[in-house]
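The sequence lines fix the lettering, A, B, ..., with proteins before strands; numbering per chain opens at 1.
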2 protein chains.
Amino acid sequence: MGRGKIVIRRIDNSTSRQVTFSKRRNGIFKKAKELGILCDAEVGLVIFSSTGRLYEYASSSMKSVIDRYGRAKEEQQLVANPNSELKVRWSGEVGVHRGGWLHHNSPIHDELYSPFFSSFSPDLSKFSHCPNH
Amino acid sequence: MGRGKIVIRRIDNSTSRQVTFSKRRNGIFKKAKELGILCDAEVGLVIFSSTGRLYEYASSSMKSVIDRYGRAKEEQQLVANPNSELKVRWSGEVGVHRGGWLHHNSPIHDELYSPFFSSFSPDLSKFSHCPNH
DNA sequence: AGGGCTATCTATAACCG
DNA sequence: TCGGTTATAGATAGCCC
């Protein structure tokens, strides 16, 4: 999408890389927003530049996205291990497995995602910034 | 980018919304990959369709991205509250604040991001799927 | 380094089988 | 409902300040 076709490989020139990063970052944030609105989807996007700077966008809030992600992952595990289909209580409290009961038939069950996502602070929104309006 | 211009607003027709979701989801995943490669960035993208299904992409791993996100957020908080610039220990252990010492001068400090990110299971990669090759 | 400006390349909306 | 196809809208690479 430019005056010339490019190959997708790391841009060596640091300045060019920075410029491209800035332009494409804006582009992908726009796409993420459009997808969320058009398709009624929940979208979370996290980008760290090569200099380590954080850029983020979430159609709802990053907390919500990560929280939901953790729950979805846990469900995937249960589906992948039907024999461990026992109730897992989602208390929404801070902590790991606390108060919940997990089945230990599955060898990977000890490494289950935990409800720690829920410990995100509601106040963190004040630190969020969306580079694309 | 199609036969006609569209307005960015929720697509009412369920079928059209699904079709657009599928196409644009592939598009944004491609963009995310390109950005990561071209600009040497770490990218994490999480999408929940309107039907609740999870789609994800991470240039490294989602665990890495979320983990780093949590740390970056904590740093942002420290920057936002210079007077609370005391050491926070990142143990990498499961739990909240456990073993770490947090300063309580700041009113928002009790709601600090915690090192719980590090409790992600390395095995979760086997459940990841990237819809866009 | 930053902010525009197009020529071009891409993504995709509308179609079609 | 579902993949392909194609005309167009949109994103952006290379330039210029």
Taking CG from A:Leu35 and P from C:dA11, how many angstroms apart are they, rounded to a whole number?
15 Å
When every nucleotide of nucleotides 9-17 of chain D is labelled 5' to 3' by its protein contacts under 4.0 Å (heavy atoms), B for base, S for sugar-phosphate only, - for none, what sequence of letters results?
BBBBBB---
What contact category does B:Thr15 fall into here, base, sugar-phosphate, or nothing, at under 4.0 angstrom with non-hydrogen atoms?
sugar-phosphate
Is it the case that B:Arg68 places NZ or CZ above or below the six-membered ring of A:Phe48, under 6.0 angstrom from the centre and within 45 degrees of the axis?
yes
What's the separation between atom CG in B:Asn26 and atom CZ in B:Arg24, rounded to the nearest 0.5 Å?
12.5 Å
What distance do A:Leu54 atom CG and B:Lys73 atom NZ have between them, rounded to the nearest 0.5 Å?
6.0 Å
So B:Lys23 and B:Val19, do their side chains get closer than 4.5 Å, heavy atoms only?
yes
Just the rounded figure in Å: distance from P of C:dA13 to CZ of B:Phe21.
13 Å
Is any side-chain heavy atom of B:Tyr55 less than 4.5 Å from a side-chain heavy atom of B:Ser49?
yes
